Amino acid sequence: MNVLFWSVIATTIVSLISLIGVFFLAVKSEILNKMVFLLVGFSAGALMGDAFIHLIPEGIVADEKYFPLFILAGFCLFFVMERVVHWRHCHEKGGECQTHPFTYLSLIGDALHNFIDGLVIVASFAVDFRLGLATTLAVVLHEIPQEIGDFSILIFGGFTKKKALFFNFISALFAVAGAIIGFLLVKEVSGAINPLLAITAGGFIYIAASDLIPELHKESKNKIVAISFLFFILGLALMYFLKMFLG
């Protein structure tokens, strides 16, 4: 069995899921803006759920001592990155910025997450072909809600629909890069998976808690806020469902 071949095929399929945003291209901007606000709540729940239900439990079992420190390091790292991005892109216009800095953080966090998925997929195919297929299926089902959320974040943050689709796809291709690098440097990379999981979890928590949830509080209509909170719970519930039924 060619481990690299099947790993690249699998991660390419995973990457193509990022193009799910193409279904929103035909939606009118006014309708999309209303949908996106609710999907921001869903995105916040999905990011929180991914961090606390998937990433942290998976990594902390193997490293109870240092894993929490890497989570905090990831949280702090994303804080610093947001300040740098905000200063570079918004400083010249007196603090006004057409594209929110959290869009770039979302792309970075998603790229890291996809890279880890690539590492996990190639490791699974290296053990057994059937395990590789099962892992790929789990990642695919996990990525569908994740990519809808990521696309919504980029639109909400100021990207055009086409620009959001393009950059979301670029970040998704890091899964392919993860598979190739994981295959070439399997021994060296294996020790880096846990810290990457923790940093990604810390980044997702930061984006959800400091950027997305505060945006929901800016809405003055309690009915819309209540619905967006239900979407937040839906994002959490979906991640829990995937954990329970896909392992």
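Side chains included, hydrogens not; waters and symmetry mates left out as well; all remaining heavy atoms used. Because the structure is predicted, anything quoted here is derived from the model rather than measured.
- Annotation: side chain of Ile213 is not in contact with side chain of Val40 (no heavy-atom distance under 4.5 Å).
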Worked check of side-chain contact (heavy atoms from CB on, under 4.5 Å) between Leu133 and Trp6 | CA-CA 9 Å; Leu133 288 179; Trp6 287 112; 5.9 Å; no
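- Classified by interplanar angle (parallel below 30°, tilted 30° to 60°, perpendicular above 60°), the ring pair Phe232/Phe229 is parallel.
- Aromatic pair Phe129/Phe125: ring centres closer than 6.0 Å.
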Start with the C-alpha distance between Asp150 and Ser106, add both sets of side-chain angles, then the distance that settles side-chain contact (heavy atoms from CB on, under 4.5 Å), and finish with yes or no.
-> CA-CA 7 Å; Asp150 292 335; Ser106 177; 4.0 Å; yes
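- Put simply, the side chain of Asn114 gets close to the backbone of Asp110: a donor and an acceptor are under 3.5 Å apart.
- Between the OG1 atom in Thr200 and the CD1 atom in Ile56 there is a gap of 11.0 Å [rounded to 0.5 Å].
- The cationic group of Lys163 does not satisfy the cation-pi geometry with Phe166, failing either the under 6.0 Å distance to the six-membered ring centre or the 45° limit from the ring axis.
- Closest non-hydrogen pair, Ile224 versus Leu38, comes out as O-CD2, 4.2 Å.
- If you chain together hydrophobic residues whose side chains sit under 4.5 Å apart, Leu77 and Leu72 never meet in one group.
- Residues Val225 and Leu216 do not share a hydrophobic cluster, clusters being chains of Ile/Leu/Val/Met/Phe/Trp/Tyr side chains in contact below 4.5 Å.
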side-chain contact (heavy atoms from CB on, under 4.5 Å) between Asp211 and Tyr206, worked out | CA-CA 7 Å; Asp211 288 318; Tyr206 178 84; 3.8 Å; yes
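- In the hydrophobic clustering of this structure, Ile155 groups with Val22; members are Ile, Leu, Val, Met, Phe, Trp, Tyr whose side-chain heavy atoms approach within less than 4.5 Å, directly or through other members.
- Between the CG atom of Asn222 and the CD1 atom of Ile227 there is a distance of 11.5 Å, given to the nearest 0.5 Å.
- Residues Phe159 and Asn168 have side chains not in contact (no heavy-atom distance under 4.5 Å, counting atoms from C-beta outward).
- For Phe169, the CZ atom counts as densely surrounded, since its 6.0 Å shell holds more than 12 non-hydrogen atoms of other residues, nucleotides or ligands.
- Atom CG of Leu112 is separated from atom CZ of Phe174 by 8.5 Å, given to the nearest 0.5 angstrom.
- Tyr240 and Leu230 sit in two unconnected hydrophobic clusters of ILVMFWY residues. Membership requires side-chain heavy atoms under 4.5 Å apart, directly or through other members.
- Here the side chains of Ile181 and Phe115 are in contact, with some heavy-atom distance below 4.5 Å.
- Of all non-hydrogen atoms in Gly59 and Leu197, the two that sit nearest each other are CA-CD1, 4.3 Å.
- Once rounded to the nearest 0.5 Å, the distance linking CE of Met81 with CG of Leu105 reads 5.5 Å.
- You'll find the side chain of Phe204 reaches within 4.5 Å of the side chain of Leu55, heavy atoms only.
- Taking each heavy atom of Ala201 and Ala51 in turn, the nearest pair found is O-CB, 3.8 Å.
- The CD1 atom of Ile71 lies 9.0 Å from the CG atom of Leu69; values are rounded to the nearest 0.5 Å.
- Using a 4.5 Å heavy-atom cutoff, the side chains of Leu16 and Leu19 are in contact.
- His54 places a side-chain N or O within donor-acceptor distance of the main-chain N or O of Met239, the cut-off being under 3.5 Å.
- Taking all atoms of both residues into account, the shortest heavy-atom contact from Leu47 to Ile153 is CD1-CD1, 4.1 Å.
- In this structure the side chain of Phe70 never reaches within 4.5 angstrom of the side chain of Asn194, judged on heavy atoms.
- Distance alone, capped at 3.5 Å, is enough to place a donor-acceptor pair between the Ser15 side chain and the Ala172 backbone.
- More than 12 non-hydrogen atoms from other residues, nucleotides or ligands lie less than 6.0 angstrom from CZ of Phe67.
- Counting heavy atoms from C-beta outward, Phe78 and Ile205 have side chains that stay 4.5 Å or more apart.
- Smallest separation of non-hydrogen atoms from Ile121 and Ala10: CG2-CB, 4.0 Å.
- In this structure, Thr160 OG1 and Phe167 CZ are separated by 9.5 Å, a value rounded to the nearest 0.5 Å.
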Does the side-chain contact (heavy atoms from CB on, under 4.5 Å) test come out yes or no for Ile17 and Val140, once each step is laid out?
-> CA-CA 8 Å; Ile17 294 173; Val140 165; 3.4 Å; yes
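- A pairwise comparison of heavy atoms in Leu236 and Gly45 identifies CD2-O, 3.3 Å as the closest pair.
- For the pair Leu154 and Leu107, the minimum side-chain heavy-atom distance is below 4.5 Å.
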